[in-house]
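Only one structure is covered here, and it is reproduced in the block below.
Computed from heavy atoms alone, side chains included, the values below leave out hydrogens, waters and symmetry copies. Chain naming here is simple, since letters A, B, ... match the order of the sequence lines and numbering starts at 1 in each.
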Protein chains: 2
Amino acid sequence: MRRVDNFNPGPAALPLEVLEQVREELIDFRGAGMSVMEMSHRSKEYEAIHNEAQARLRRLLGIPDDYRVLFLQGGASLQFAMIPMNFLRAGHRALYVLTGAWSEKARDEAARFGEIAVNDWATKGGYRDVPDAIPEDDGSFRYVHITSNNTIYGTQWPALPKTASPLVADMSSDILSRPIEVSDFALIYAGAQKNLGPSGITVVIAKDSFLAEANADLPAMLRYSTHVKSNSLYNTPPTFAIYVMERVLAWVEEMGGLAAVAERNRRKAALVYEAIDGHPHLYLGHAEKRARSQMNVTFRLASEELERAFLSEAADKGFVGLKGHRSVGGCRVSLYNAVPIEAAERLAQFMDDFARRH
Amino acid sequence: MRRVDNFNPGPAALPLEVLEQVREELIDFRGAGMSVMEMSHRSKEYEAIHNEAQARLRRLLGIPDDYRVLFLQGGASLQFAMIPMNFLRAGHRALYVLTGAWSEKARDEAARFGEIAVNDWATKGGYRDVPDAIPEDDGSFRYVHITSNNTIYGTQWPALPKTASPLVADMSSDILSRPIEVSDFALIYAGAQKNLGPSGITVVIAKDSFLAEANADLPAMLRYSTHVKSNSLYNTPPTFAIYVMERVLAWVEEMGGLAAVAERNRRKAALVYEAIDGHPHLYLGHAEKRARSQMNVTFRLASEELERAFLSEAADKGFVGLKGHRSVGGCRVSLYNAVPIEAAERLAQFMDDFARRH
Ligand SMILES: Cc1ncc(COP(=O)(O)O)c(C=O)c1O
Ligand SMILES: Cc1ncc(COP(=O)(O)O)c(C=O)c1O
Ligand SMILES: [Mg+2]
Ligand SMILES: [Mg+2]
Ligand SMILES: [Mg+2]
Ligand SMILES: [Mg+2]
């Protein structure tokens, strides 16, 4: 069995221990005589998995009791639309803090449904940094939307902001990578395919009092209230993806929870940033140091020729997923929770070697 | 390893051969050094799986070149909303043929977006039959919506209708169970979790000329055109579910395609219907014979007490999923493609035994 060093941006590396257990249980889940994929979503066995995934997420993130945990489909991209559909109506304004390509997409969808103000401080700087403050937020907005980690540009809010208006955050690419204060947020959402599990499942964590003010006149599947009332079992959920997520959450708990995971993530990111900083003639990091992402390390090489050589040698050595997003080019090292420290070490070593040779 | 006789209504039985191969490839997909769950959806390896799933579905259903095959999220339930959102506008009328609970749900969502006419012939008969004809369809409707198989009531169109207005069909519970003439349809949709694969993936097959007239002013994720343009890779698809579906489609091809599968399905259903018909004092089939579903066999027992005894003995014997839908009660035997003939034989035998004893 071969296992590469997987730096994919998402879908991304999963813990080997989880994959091994999933394989072990694949055909006969703990004596049930069937695969999790073959279980009715209305069965006791499946509901136990579903509820356990919620319970683990609640424990790991310290989610207060007055927040709901929802498992939805459609990715973060469907949330870009569902949030304004549910929370904006005539006379409402929302503020979008633009810190990268995903924030812009979220803003574009919201603009269909209401009046949108933006903070584009980071846009002007080429998305190398995130703002220190959100001066526009005078408390009058229906919500303020942020992207906690900018997967494409490789920037991250070093500390998440406190806002006067209700705070909504796309945490797709850094949820569960460090402790957060859930009570600072009205709504958090994340596609699972970075730190939570496989693609095909989207987690929404939202405060009861915020949900209570959502619009009701929407198709059932697009109303948060539908999924709240049915415990995310209104229709058939992506049961297998939720099961794998439950196993990933168990793994994070065994790792010692978010403080331990955050420390490990810092060490991994430090290894790669040190390789960049150690060879400034060759590697040009994109992000300002204060806003460097612990999840996605982005950089260019001194020339396009060197970049091609780097990516091709890296691929030969079994490093996977290092090409930057097609919209910006360059290189990107995604270091989600499941990427082992050893993989980051091997890559940093390779970056040093490559630098000495060029 | 234990394997029960799985008659779940969906998610449902998968072919054992498929599960075995998925297990074999789970951690290292054919030497790629990672699981399919860990692959970027922009990678060559994943795109090959994605395109192969489409190609197999095209071959199996004989899908003409001027039809698109889309892989979406949100289940058939999100299609209930997306269809009217995309195809109805002011002045448009759609006709919904009501043949069961799912048709009603589809109609309810459509009613938010346009003027809806219904054919409720089957409703009046308690959903024991499907109509012979759709007299309301004078060709003036934006589309006519049907449900090809009524999962809850256990009825199925023996032959699918030809309509004057464009025909839209929810085939969630019988797609791929028998040959169909795709060119009779403007759009076909199906949640995967019965005959196609695991839950979390929804297949849409739609004609170019119909798609060309869809509304454009919708959120990106809710516009069919978004998914057409991006080959269903606009955002992260449920990659693993698509992979398992691709393996299921390969299995159906190896079985000999839809004619062979339909013959096998007829034999399985005949076994269970014969057990019902052989003991009319005990088993009361719900559907009229002409509209009996080959996929979901629904019946009651002569008393609730007998029904409880039947379900409990069946569970003890390892027959899973026989309880009728919570909205109608009774018993339901779901016999999707992956249910082996031997499972249907064992169940029919048990039904005979039980009848002799009661
Ligand atoms: C921060 C962020 N938001 C949103 C998305 C889009 O997610 P999805 O593909 O689940 O729609 C991504 C995908 O990488 C992302 O990184
Ligand atoms: C005929 C039919 N349509 C729609 C649905 C709803 O599907 P989903 O749960 O994928 O939304 C079902 C579910 O069983 C069904 O059988
Ligand atoms: Mg970005
Ligand atoms: Mg720099
Ligand atoms: Mg029905
Ligand atoms: Mg009868």
Under 4.5 Å from a heavy atom of chain A, the part of [X] involved:
| X | answer |
| --- | --- |
| B:K323 | neither |
| B:D108 | neither |
| B:A32 | backbone |
| B:A220 | both |
| B:M34 | both |
| B:I242 | neither |
| B:F113 | side chain |

Task: Over 12 foreign heavy atoms within 6.0 Å of CD, B:E24 - done: no

Can you check whether [Y]'s main-chain N or O pairs, donor with acceptor, with [X]'s side chain at less than 3.5 Å?
| X | Y | value |
| --- | --- | --- |
| A:D28 | B:R2 | yes |
| A:T236 | B:S199 | no |
| A:R3 | B:I27 | yes |
| B:N235 | A:G74 | yes |
| B:E38 | A:L14 | yes |

Check each atom of [X] against the heavy atoms of chain B and say whether the ones under 4.5 Å are side chain, backbone, both or neither.
| X | answer |
| --- | --- |
| A:E20 | both |
| A:V244 | side chain |
| A:L222 | side chain |
| A:A13 | both |
| A:M39 | backbone |
| A:P237 | backbone |

TODO: Search all heavy atoms of A:P238 against all heavy atoms of B:G200 and return the closest pair with its distance.
DONE: CB-CA, 3.9 Å

Open item on the list: Counting C-beta onward and ignoring hydrogens, is there a side-chain heavy-atom pair between B:R112 and A:D217 closer than 4.5 Å?
Closed with: yes

Open item on the list: Do A:P11 and B:M37 have side chains that approach each other closer than 4.5 Å (heavy atoms only, starting at C-beta)?
Closed with: no

Rounded distance (nearest 0.5 Å) linking atom [atom1] of [X] with atom [atom2] of [Y]:
| X | Y | atom1 | atom2 | value |
| --- | --- | --- | --- | --- |
| A:L72 | B:Q73 | CG | CD | 10.5 Å |
| B:M221 | A:E109 | CE | CD | 9.5 Å |
| A:Q193 | B:F240 | CD | CZ | 15.5 Å |

Residue selection (most heavy-atom pairs with chain A, distance under 4.5 Å) from [options]:
| options | value |
| --- | --- |
| B:V36, B:L218, B:D5, B:V320 | B:L218 |
| B:Y46, B:F80, B:Y234 | B:Y234 |
| B:N6, B:V22, B:I201, B:L16 | B:N6 |
| B:P198, B:S40, B:A81, B:G75 | B:S40 |

Open item on the list: Please rank A:P219, A:G197, A:G321 by heavy-atom pairs under 4.5 Å with chain B and give me the top one.
Closed with: A:P219

